[in-house]
Amino acid sequence: MTIPEFQRHKRDKKKLIVVTAYDALFTRIVEQAGIEAILVGDSLGVVVQGKSNTLSVTMDDMLYHTKLVAGAAQRAIVIGDMPFMSYQASHEDALRNAGRFLQAGAQAIKLEGGAVVVDRVAAMTSIGIPVMGHLGMAPQSVHRYGGYKVQGRESDHALVLLNDAKALEAAGVFAIVLEAIPAELAKTITEQVAIPTIGIGAGPHCDGQVLVLYDLLGLFDEFVPKFVRPYAHLKADALQALRRYKEEVEQGKFPGDSESYH
Ligand code: KIV
């Protein structure tokens with residue numbers, strides 16, 4: 001998968017499938033499932049690092065995980081998520097940090113925000129860095145919203161988001177993530193921009209969907225938003241396996257003869 005191929009999916013009316021991954025093991029599994037776009041999301045702050053939000057994730061954290069994913073990916077495009085304060089403070093920081101993701105093996109970066117980041121995005125795309133936008137519920141602004149809340153329900157805010165999407169498109173983003181916005185607004189945005197929209201909690205009309213891998217697999221159950229559908233229950237399976245292992249060691253049933261050397 002290349003960035004132009006990713007974009008062609010919209011023209012060809014083929015749904016784009018994106019998941020997050022943070023390490024080599026899951027990257028290989030994701031690729032074996034035929035998924036060709038991987039986001040190294042700053043959601044790792046929550047699902048890997050155990051924090052309550054993504055704000056403490058650093059560039060070093062993101063580059064480490066990006067290297068693991070990019071090192072294992074053979075076909076998928078790898079998109080590195082710019083963490084909080086890696087692009088907000090200055091133009092120069094933003095450009096340099098975006099470049100570091102590409103040096104770590106990512107093909108593209110993602111950043112959150114609309115009109116306020118348009119200049120940064122234009123500077124990145126002008127030097128050849130593919131950028132994915134992220135509108136709607138932007139997790140790095142969680143404190144401003146007062147929690148993880150659906151965005152764009154009122155018509156004036158919906159209009160701001162539509163204009164943000166158009167401004168990001170004009171600045172050269174190759175796709176936009178739409179997170180936690182009404183399905184009708186996501187449909188309008190999807191119809192009014194030529195670039196793919198990738199929804200998460202944005203209904204079925206987007207050009208593609210993205211989910212956090214550990215949510216999709218039922219591994220992370222501390223906070224399950226309405227838009228998540230767990231396609232497996234790996235936490236329950238892991239618990240069952242670990243409890244059986246403990247029990248069988250305690251009862252002298254493991255290891256058995258076939259698991260022993262002679
Ligand atoms: O960090 C992340 O995983 C994300 C996706 C939820 C879009 O931004």
Side-chain angles (χ1 to χ4, degrees), residues 6 15-23 26-27 30 35 37-59 61-66 68-69 76-88 97-98 101 106 108-114 117 121 130-142 145 147-152 161 164-165 168 173-181 186 189-190 195-203 206-217 219-220 222-231:
F6 187 90
K15 286 280 185 188
L16 284 151
I17 324 295
V18 185
V19 293
T20 67
Y22 316 102
D23 62 24
F26 273 119
T27 297
V30 165
I35 292 174
I38 298 175
L39 172 68
V40 187
D42 66 350
S43 50
L44 68 84
V46 178
V47 296
V48 176
Q49 297 176 336
K51 305 282 170 48
S52 59
N53 58 51
T54 59
L55 298 178
S56 60
V57 177
T58 64
M59 271 302 292
D61 296 335
M62 291 307 303
L63 293 177
Y64 173 74
H65 288 279
T66 299
L68 299 183
V69 172
I77 52 169
V78 175
I79 304 155
D81 204 4
M82 296 196 71
F84 182 56
M85 292 316 292
S86 68
Y87 57 96
Q88 288 91 342
N97 285 325
F101 274 99
I109 62 97
K110 175 174 84 59
L111 49 72
E112 297 178 8
V117 296
V121 170
V131 179
M132 176 180 257
H134 185 155
L135 292 174
M137 210 285 295
Q140 292 173 15
S141 302
V142 60
Y145 309 137
Y148 294 105
K149 300 199 170 131
V150 178
Q151 300 295 303
L161 291 173
D164 279 348
L168 285 173
V173 298
F174 71 94
I176 305 177
V177 168
L178 299 176
E179 179 161 358
I181 61 170
I189 294 175
T190 301
I195 49 170
T197 58
I198 310 296
I200 173 162
C206 295
D207 299 304
Q209 296 290 326
V210 57
L211 277 177
V212 169
L213 185 67
Y214 294 8
D215 289 342
L216 183 166
L217 296 178
L219 259 177
F220 184 81
E222 282 162 41
F223 171 67
V224 183
K226 172 187 164 86
F227 56 75
V228 168
R229 184 180 298 174
Y231 284 88

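Ligands are counted one by one from 1 in listed order, and the atoms in each one are counted from 1 as well. All values below were derived from every heavy atom in this structure, side-chain atoms included, with hydrogens, water molecules and symmetry-related copies excluded. In this chain, residues are counted from 1 in sequence order.
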Does a side-chain heavy-atom distance below 4.5 Å link Leu44 with Met62?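 Yes - at least one pair of side-chain heavy atoms lies under 4.5 Å apart.
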Can you find a heavy atom in the side chain of Phe84 that is under 4.5 Å from one in the side chain of Asn53?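 No. Closest side-chain heavy atoms not under 4.5 Å.
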Close N or O approach (Ser43, ligand 1; < 3.5 Å):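 In this structure, Ser43 places an N or O atom under 3.5 Å from an N or O of ligand 1.
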Is there a polar contact, in the sense of an N or O pair closer than 3.5 Å, between Asp81 and ligand 1?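 Yes, at least one N or O pair falls under 3.5 Å.
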Show the atoms of ligand 1 that are less than 4.0 angstrom away from any heavy atom in [X].
X      : result
Ile200 : 6 (C)
His134 : 8 (O)
Gly41  : 1 (O), 2 (C), 3 (O)

Could you check whether any side-chain N or O of Tyr22 sits under 3.5 Å from a backbone N or O of Leu68, counting only pairs where one atom can act as donor and the other as acceptor? no
Do Asn97 side-chain atoms and Ser86 backbone N/O form a donor-acceptor pair below 3.5 Å? yes
Just go through Thr20, Val19, Leu39 and tell me whose heavy atom is the nearest to atom 7 (C) of ligand 1.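 Closest candidate by heavy-atom distance is Leu39.
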Nearest 0.5 angstrom please: Leu178 CG to Thr190 OG1, how far?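 Spacing of CG (Leu178) from OG1 (Thr190) equals 6.0 Å.
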Spatial distance of atom CD1 (Ile35) from atom CG (Leu216) [nearest 0.5 Å]: 7.0 Å
Yes or no: does Lys110 have any heavy atom under 4.0 Å from an atom of ligand 1? yes
